[in-house]
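Letters go in sequence order (proteins before strands), and every chain restarts at 1.
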There are 2 protein chains.
Amino acid sequence: MVFPDSAARNRPSARAATAQVLAPYALVREYLKHGLSVGRWPPGALMPSDSELVAQFGVSRMTVTRALRELQTDGLVTRVQGLGTYAAHLAQVSSSLTIRDLHEEITARGHRHHARVHLSRQQRATAGLAGQLGLAPGAPVFHTLIVHFEDDVALQCEDRFVNPRCAPNYLKTDFTKITPTHYLLQVAPLWEAQYSIEAGAPRVREARLLGIPGDEPCLIIVRRTVNRDIPITLARLVHPGSRYRVQGQFKP
Amino acid sequence: MVFPDSAARNRPSARAATAQVLAPYALVREYLKHGLSVGRWPPGALMPSDSELVAQFGVSRMTVTRALRELQTDGLVTRVQGLGTYAAHLAQVSSSLTIRDLHEEITARGHRHHARVHLSRQQRATAGLAGQLGLAPGAPVFHTLIVHFEDDVALQCEDRFVNPRCAPNYLKTDFTKITPTHYLLQVAPLWEAQYSIEAGAPRVREARLLGIPGDEPCLIIVRRTVNRDIPITLARLVHPGSRYRVQGQFKP
DNA sequence: CAGTGGTCTAGACCACATA
DNA sequence: ATGTGGTCTAGACCACTGT
């Protein structure tokens, strides 16, 4: 690991001359990150203060601040005003899980995607559904039931309810060409979602549509999406366990 | 949404006077975020330049930069040097998934956690395992098999292999008191993990240890952890589908 | 060339926590 | 009173992209 030296590094000309030198703020960040990884500051330990780092690296405080703020948003340090910067307790590992549009995911693998629409209609919301979508019980909702195939193998059964207020033209979409996810992303570009992932048996109809035995373990994702406090959609995505998995990665 | 006015807001005294005013950088960020959510800048559209925002809000460029950098790390905008700032295509929703230490998760719910250790020994790595842990085939590895209970209900069967080089004293730990996850976090505080989540049937032994039928769908998490290019551990976590789910959230 | 984002500085005021 | 982090400013140089 590079040491806080900086006298030379700090000259912009030196920065430009060499090819891939880290910017000063990145240098400070990596220095601290390295120290954390080798246990120089065990979880909970007090780390160098802003002013100490300013002196050590010969940079301005804004530079140190940026380095520390990045570590903070990555959950690696905890900063408390009036006290100092502490090495975080990584009791919970917060990771990045990417849920992509299925069409994209399949075509990115170089496979063919197609969808079969089993249901696409308006109906009245039950009490529970109305609550989830912020509607009055009995209010109209859009309901689609679509099975997605990867190279003719059923991969996902997508049972979705949509708030008509957010996507009035939802049912006019040709879901064999555009997935609901893709369409809704266009209608409501900025959103907020909660979801749960669990294992369970498929419902009878889902097993039939997916062409799997009724006792095959399935990965079930239930996702609720909200845009600016207005619920948009509630989806139940059922995947045969043998054909689908969610992958993720945590990288500080 | 508040408008770029700022003349008054910018006086620190005004900031201190009112209770919960947003800091200028947050004001700029929320202004842009709001515009994105109402479709003022559709995906791919050119957004205001730094200097325009500086003029509109009457703040310094560092303040605007910070706002935009936060939006960028959240994946809401794309910035290209020499071109400008663009509204991002939210083709893939990258979300935050939290995997906590099970002991913490259970006690946080106000329940009791206890563990039963069924295996805790050193053995020789098979070829496949050695590859995953960066060891030579036949090299010694630590192997633990532990079942975790929440209020006497089996919640997780944890089958784990550990690289002795990273945690030489691993087997000396009392796993009825400290979970392997917790112990390893202390030994290697900064890490990097890859994992997959899938649904499947438990192995025969796992079903027996968990006290569930052999055909009960289970949520299976396989996680591989690496610290500074050195593999630490490989874990297979099997949860009865009816008793466990992973929850997550995406919030721009 | 002009305009864009990427980064840095030196200094400043503030709120907060501890002694 | 001192030291901590939180934030802001005014100006600067750079690399990059277009015309």
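An OP1 or OP2 oxygen of D:dT7 is reached within less than 4.0 angstrom by a side-chain nitrogen or oxygen of B:Tyr25. Residue A:Ser60 has no polar side-chain atom (N or O) positioned under 4.0 Å from OP1 or OP2 of C:dC8.
With contacts defined as side-chain heavy-atom distances shorter than 4.5 Å, the pair B:Pro180/B:Phe175 qualifies. Residues A:Leu185 and A:Asp101 form no side-chain contact, since every pair of their non-hydrogen atoms from C-beta on lies 4.5 Å or further apart.
Ion pairing between a basic and an acidic side chain is recognised when a charged N comes within 4.0 Å of a carboxylate O; A:Arg29 and A:Asp74 show no such pairing. Under a 4.0 Å N-O distance rule, the pair B:Arg109/B:Asp151 does not qualify as a salt bridge.
Residues from residues 62-70 of chain A lying near DNA chain D, meaning a heavy-atom separation below 4.0 Å, are A:Met62, A:Thr65 in numerical order. Within residues 77-87 of chain B, the residues having any heavy atom closer than 4.0 Å to DNA chain C are, in order of number, B:Arg79, B:Val80, B:Gln81, B:Gly82, B:Leu83, B:Gly84, B:Thr85.
Using cut-offs of 30° and 60° on the angle between ring planes, the pair A:Phe142 and A:Tyr170 is parallel. Using a 30° and 60° split on the angle between ring planes, A:Tyr31 and A:Trp41 fall in the perpendicular class, above 60°.
To the nearest 0.5 Å, atoms NE2 (B:His148) and NE2 (B:His239) are separated by 8.5 Å.
When rounded to the nearest whole Å, the span between CG of B:Leu32 and P of C:dG5 equals 11 Å. Atom-to-atom, CG of A:Leu46 to C1' of D:dG3 comes out at 12 Å; the value is rounded to the nearest Å. If you take CG of A:Asp50 and C1' of C:dC16, they are 14 Å apart, rounded to a whole angstrom. As rounded to whole Å, 14 Å separates atom C1' of D:dG6 from atom CG of B:Leu22. Here the C1' atom of nucleotide C:dT7 and the CD atom of B:Gln72 are 13 Å apart, to the nearest Å. Counting to the nearest Å, the P atom of D:dT7 and the CZ atom of B:Phe57 are 17 Å from each other. Here D:dG3 presents its C1' atom at 11 Å from CD of A:Glu52, a figure rounded to the nearest Å. Between B:Arg61 atom CZ and D:dC14 atom P there is a gap of 14 Å when expressed in whole angstrom units.
No donor-acceptor pair closer than 3.5 Å links the side chain of B:Thr233 to the backbone N or O of B:Thr225.
Summarising the local packing, CZ of B:Arg245 is surrounded by 12 or fewer heavy atoms from other residues, nucleotides or ligands at distances under 6.0 Å.
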